[in-house]
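Report on the structure given below.
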Amino acid sequence: MIYFDNSSTTAPSQAAIDAVKGMLVNFGNPSSLHRLGAAAQTEMDEAREAVAGAVGASPSEIFFTSGGTEANNTAITGGAAARRRRGNKIVITAVEHDSVLMPAKNLESAGFRVETVAPGQDGTIDPSAFERAVDGDTVLVSCMMVNNETGAVFPVEKLRDIVVRAGAPALIHVDAVQALGKLRISVQDIGCDMMTLSAHKIHGIKGCGALYVKKGVTVRPFMLGGGQERGFRAGTEATAAIAAFGAACRELNPAEDAAKMLEVKEELLRGLAGIPQVIVNSPGLSAPHIINFSVPGYRSETLLHAFEARDIYVSSGSACKKGALSHVLIAQGLSRERADSAVRVSLCRDNTPDEAARFIAALKEIISTVAHVRARS
């Protein structure tokens with residue numbers, strides 16, 4: 001099997017699996033006052049320290065959620081609500097994940113104005129586009145660090161200066177789900193107020209994410225109830241998934257892992273360059289783990305099933321879209337035909353150059369087979 005769909009989800013590492021097993025034995029509720037509860041709380045505290053360390057934050061600034069989607073929803077909805085008296089404008093990019101786009105759109109019915117910043121045709125975003133969009137009425141700016149479909153790296157480190165120069169009271173939110181473990185991340189250097197993270201993109205397990213909230217920043221919670229996560233996010237914590245998240249973060253080595261992925265990516269790009277029918281949609285300078293390309297005239301679904309028949313797993317874009325046309329590629333200004341033939345290859349530290357070579361060979365065979373079938377018909 002060749003698994004090239006790591007931006008959708010990664011295989012849990014052995015350390016993450018062992019952490020889950022440990023918490024299924026150490027099954028106490030961390031809110032309980034007895035010994036079992038205290039042991040569970042200790043495991044959760046250690047995981048919080050590991051997640052915080054991965055982004056240069058303090059453990060007290062990390063709040064566990066059910067995943068990246070909940071963290072994004074909390075940041076957008078809770079961040080805007082906390083600043084509502086100071087303005088009513090929200091600035092996001094047109095290529096955010098739906099868990100940012102949809103809550104932002106929902107806030108329009110509550111009286112907020114949402115302005116979207118579009119990428120260029122290469123998928124990148126010029127900081128000047130944010131400068132034109134952010135004004136003194138802006139209360140929230142949200143921008144992903146790495147686009148989940150194209151791998152484009154966005155200028156999140158420029159946002160703080162832009163907000164300050166505009167005199168805006170805006171909170172800055174960064175969705176770093178696709179950046180964690182692939183790029184060096186420091187919340188201090190970026191200057192953000194909130195950051196979204198997800199466990200199952202870095203060899204943890206599904207059902208756990210986190211939201212970094214800078215000390216002193218108020219974000220209004222919307223999961224209310226038992227007062228868990230220091231009152232920020234109610235609900236009994238998923239201690240097994242949280243422990244696995246901590247274990248996965250302790251294994252991260254962004255520089256070394258990125259070098260491994262980049263070697264495979266470069267092998268893929270060399271191979272794609274030798275196939276005349278292929279057009280690469282990802283920008284030249286992009287994250288080390290994602291390549292998006294199109295084969296116009298060959299539908300994504302056809303290509304995906306042809307790869308699957310050869311035990312190779314890729315996607316057509318965000319797994320959340322379930323085959324729907326990519327809003328990211330359309331926002332870049334690509335034609336519907338090109339977007340409808342897009343394939344996303346996404347890597348992890350375990351992929352190899354040999355797998356890349358086998359993938360290219362399979363792609364050539366698929367294109368040739370489809371062309372032959374068409375010729376005969």
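Along the sequence shown, the residues carry numbers beginning at 1.
- Hydrophobic clustering, with ILVMFWY side chains joined whenever heavy atoms are under 4.5 angstrom apart, groups Val295 together with Leu268.
- Other residues, nucleotides and ligands contribute over 12 non-hydrogen atoms within 6.0 Å of the CZ atom of Arg165.
- Hydrophobic clustering of Ile, Leu, Val, Met, Phe, Trp and Tyr side chains at less than 4.5 Å, counting indirect connections, keeps Val314 apart from Val146.
- Met195 and Val156 fall within a single hydrophobic cluster, where Ile, Leu, Val, Met, Phe, Trp and Tyr are joined by side-chain heavy atoms under 4.5 Å apart, directly or via other members.
- Phe359 and Phe307 have parallel rings, their planes meeting at less than 30° on a 0 to 90° scale where 60° marks the start of perpendicular.
- One finds no salt bridge joining Arg48 and Glu237 here, because no Lys/Arg side-chain nitrogen approaches an Asp/Glu carboxylate oxygen to under 4.0 Å.
- Of the options Asp175, Leu211, Ile76, a side-chain contact (heavy atoms from CB on, under 4.5 Å) to Met194 is made by Leu211 and by none of the others.
- Between Lys158 and Asp126, no side-chain nitrogen of the basic residue sits less than 4.0 Å from a carboxylate oxygen of the acidic one, so the salt-bridge criterion is not met.
- A single hydrophobic cluster is seen to contain both Val55 and Ile202, as judged by linkage of ILVMFWY side chains at heavy-atom distances under 4.5 Å, directly or through other members.
- Remark: Ser341 OG to Arg299 CZ distance equals 10.0 Å, nearest 0.5 Å.
- No more than 12 heavy-atom neighbours from other residues, nucleotides or ligands sit within 6.0 angstrom of CZ on Phe27.
- The CD atom of Gln277 sits 9.0 Å away from atom OG of Ser368, with the distance rounded to the nearest 0.5 Å.
- For the pair Arg344 and Asp5, the salt-bridge criterion is met [side-chain N within less than 4.0 Å of a carboxylate O].
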Working for side chain to side chain donor-acceptor pair (under 3.5 Å), residues Asp135 and Thr138: CA-CA 6 Å; Asp135 58 27; Thr138 305; 3.1 Å; yes
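- Checked for salt-bridge contact, Arg358 and Glu355 miss the test: no charged N lies under 4.0 Å from a carboxylate O.
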Go through the steps to decide whether Thr196 and Asn72 satisfy the test side chain to side chain donor-acceptor pair (under 3.5 Å), and finish with yes or no. CA-CA 6 Å; Thr196 293; Asn72 276 344; 2.7 Å; yes
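- By the 4.5 Å heavy-atom criterion applied to side chains, Ile2 and Asp311 are not counted as neighbours.
- Cluster membership check: Leu171 does not share its hydrophobic cluster with Val117, using side-chain heavy-atom separations under 4.5 Å among Ile, Leu, Val, Met, Phe, Trp and Tyr.
- Between Asn292 atom CG and Ser316 atom OG the span is 9.0 Å, to the nearest 0.5 Å.
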Glu43 and Thr239: CA distance, side-chain angles, deciding distance, side chain to side chain donor-acceptor pair (under 3.5 Å) verdict: CA-CA 8 Å; Glu43 290 286 347; Thr239 49; over 6 Å; no
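- Considering CE of Met145 and CD of Gln178, their distance stands at 12.0 Å, rounded to 0.5 Å.
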Please assess Arg160 against Asp193 for the test salt bridge (Lys or Arg N to Asp or Glu O under 4.0 Å), listing each intermediate value before the final yes or no. CA-CA 10 Å; Arg160 175 55 62 192; Asp193 300 293; 2.8 Å; yes
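- Ser294 and Asn281 are linked by a side-chain donor-acceptor pair at a separation below 3.5 angstrom, with hydrogens and angles left out of the test.
- Just one of Ile291, Ile290, Thr10 meets the side-chain contact (heavy atoms from CB on, under 4.5 Å) condition when paired with Ser346; it is Ile290.
- In this structure, OG on Ser286 lies 10.5 Å from CG on Asn147, to the nearest 0.5 angstrom.
- Glu229 is not listed as a side-chain neighbour of Met223, based on a closest heavy-atom distance of 4.5 Å or more.
- Rounded to the nearest 0.5 Å, atoms CD (Glu115) and CZ (Phe130) are 10.5 Å apart.
- Residues Glu131 and Ser128 bring no donor and acceptor atom of their side chains to less than 3.5 Å of each other.
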